[in-house]
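One structure is given here, and the rest of the page talks about it.
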Amino acid sequence: MRRPRSESSRVLHHRLKAGGSRPHHTRSRPTHPLPATSDSSLTSSSSSLFQLTRAMEMRLVLLLAAAAVVAQLPSAAVAANYTVGDDKGWNPDVDYTAWVKKHKPFYKGDWLVFQYQTGRADVVEVGEVGYEKCDKASALSSYSKGTSYAFQLKEAKDYYFICSYGYCYSGMKLHVTAKSSSSSSSGGGKSSSGGDSSSSDSSSDSSDSSSSDSTPSKAKAKAKSSPAPPSLLAAAVITPFAAVAAVAALL
C-alpha cells in the first residue's frame, strides 16, 4: 500500500513530468582571509632590498675603477724596438750619430736590436772612457753569437757600445741616452759622437735636442721595429689581467 505523498513531493513530481529539471543546489566554499602583513616584515624587506642595491652599486664602482686602471697600463707596458742602423745594420762606415738623432728620444724599457755578419762584428757594452778610446778592456758585456743581438735599456742612463774588431775607429760605435719616461722632456744631455767629428756632431745635436724631445711620439713612429721579445709581450698581456683578477677578488 502506497504512502501518501507530501505536497512538495507532488509538486516536484508534476514538474518532472512536465519536462522540468531538478533544481541544483550550489554550495558556497568558505573563503580564507589572507594573512595580514605586519609593519616589521615590510621594513625587513625594504632593508634587504636597500642592502642589495648598495652592494650592486659598490661592484659597479669597483669595476669602473678596474677599467680605468687597465686603460692606463698599456701605455706604461709598451716599449719600442729599434734596429740599430735601420736597414744598414751594425756595420762599418755607418753614421750612428745621425741614426740616434733620427730616432731619439729613447726610454727605459726600449730595445736595441743589433744585426751583423757572423764572425765579422761583435757588440761590446763599455763605459764612456772605453767608448771614447775604442777600448774593450773594461767591457760591461760582450756578444758575438748568431747574426743579431737584442739589448734592453733597463735603466734610465747613458749606454755605450763599440765593435772590438777594429771597426770602432771608423765610427762603428753607439751612444744612446735612455730617459725614465715619455713625460720627461729635458733638452740637455750628452750627444752621440762618431769618430773624429764629435765636436761638430755635439753642437748640432744640442741644437736639435729641444725640437726632437718635444715630439717623442713622432720620433718613435719613425723607428724600424722588430717583433717584441717574449718577455715584453708577456708583461704587456699579463699585467692588465692581473689587475682585473685582483679587483674581482675584492668583489
Side-chain angles (χ1 to χ4, degrees), residues 68-86 89-90 96-116 122-132 136 138-143 148-163 172-194 201-202 205-206 208-243 246:
V69 171
V70 172
Q72 296 295 330
L73 289 177
S75 60
V78 172
N81 301 334
Y82 298 93
T83 300
V84 177
D86 293 334
W90 183 239
Y96 293 105
T97 302
W99 181 85
V100 170
K101 292 180 183 179
K102 176 182 178 181
H103 296 298
K104 72 178 184 179
F106 300 90
Y107 298 103
K108 175 182 176 181
D110 288 350
W111 290 80
L112 300 178
V113 180
F114 296 83
Q115 295 181 348
Y116 48 84
D122 61 354
V123 182
V124 181
E125 183 187 2
V126 297
E128 184 177 4
V129 176
Y131 173 83
E132 295 292 343
K136 70 169 186 177
S138 58
L140 302 177
S141 65
S142 178
Y143 192 87
S148 63
Y149 172 57
F151 182 89
Q152 186 179 25
L153 308 177
K154 296 182 179 180
E155 301 179 15
K157 65 176 185 178
D158 291 326
Y159 292 88
Y160 301 90
F161 303 93
I162 65 171
C163 175
M172 195 172 174
K173 58 182 181 178
L174 178 68
H175 170 209
V176 171
T177 301
K179 298 183 178 181
S180 58
S181 64
S182 59
S183 59
S184 59
S185 59
S186 58
K190 297 181 180 180
S191 62
S192 303
S193 62
D201 289 337
S202 61
D205 187 21
S206 60
D208 295 338
S209 59
S210 59
S211 61
S212 177
D213 291 345
S214 61
T215 57
S217 59
K218 182 178 180 181
K220 284 185 178 295
K222 297 180 181 179
K224 183 178 180 181
S225 302
S226 59
S231 59
L232 181 62
L233 292 177
V237 174
I238 294 176
T239 304
F241 286 101

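Fair warning: this is a prediction, and the values are worked out from it, not measured in the lab. Counting begins at 1 with the first residue of the sequence.
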Kindly compute the distance separating [atom1] ([X]) from [atom2] ([Y]), expressed to the nearest 0.5 Å.
| X | Y | atom1 | atom2 | answer |
| --- | --- | --- | --- | --- |
| Lys108 | Gln152 | NZ | CD | 9.5 Å |
| Lys104 | Thr177 | NZ | OG1 | 8.5 Å |
| Lys157 | Ser180 | NZ | OG | 14.5 Å |
| Asp158 | His175 | CG | NE2 | 3.5 Å |
| Tyr159 | Glu128 | OH | CD | 15.0 Å |

What heavy-atom pair brings [X] and [Y] nearest, and what distance separates the two atoms?
| X | Y | value |
| --- | --- | --- |
| Ala79 | Gly109 | CB-O, 3.1 Å |
| Ser142 | Asp122 | OG-OD2, 4.3 Å |
| Lys173 | Glu132 | NZ-O, 4.0 Å |
| Trp111 | Ala150 | CE3-CB, 3.9 Å |
| Lys136 | Val124 | CB-CG1, 4.0 Å |
| Leu153 | Leu112 | CD2-CD1, 3.9 Å |

query: Angle class for the Phe106/Tyr82 ring planes (parallel below 30°, perpendicular above 60°, tilted otherwise)?
result: perpendicular

task: May I ask you to test the Val126-Leu140 pair for a side-chain heavy-atom distance under 4.5 Å?
output: no

field: Val84 and Tyr96, any side-chain heavy atoms less than 4.5 Å apart
entry: yes

field: Gln115 and Thr83: CA distance, side-chain angles, deciding distance, side chain to side chain contact (heavy atoms under 4.5 Å, CB included) verdict
entry: CA-CA 7 Å; Gln115 295 181 348; Thr83 300; 3.9 Å; yes

Do [X] and [Y] make the cut of ring centroids closer than 6.0 angstrom?
| X | Y | value |
| --- | --- | --- |
| Phe114 | Trp90 | yes |
| Phe161 | Tyr131 | no |
| Tyr143 | Phe151 | no |

query: Could Lys102 and Asp86 be called an ion pair, given the rule that one side-chain N must be under 4.0 Å from one carboxylate O?
result: yes

query: Has the side chain of Asp110 got a donor or acceptor atom that lies under 3.5 Å from a matching backbone atom of Ala80?
result: yes

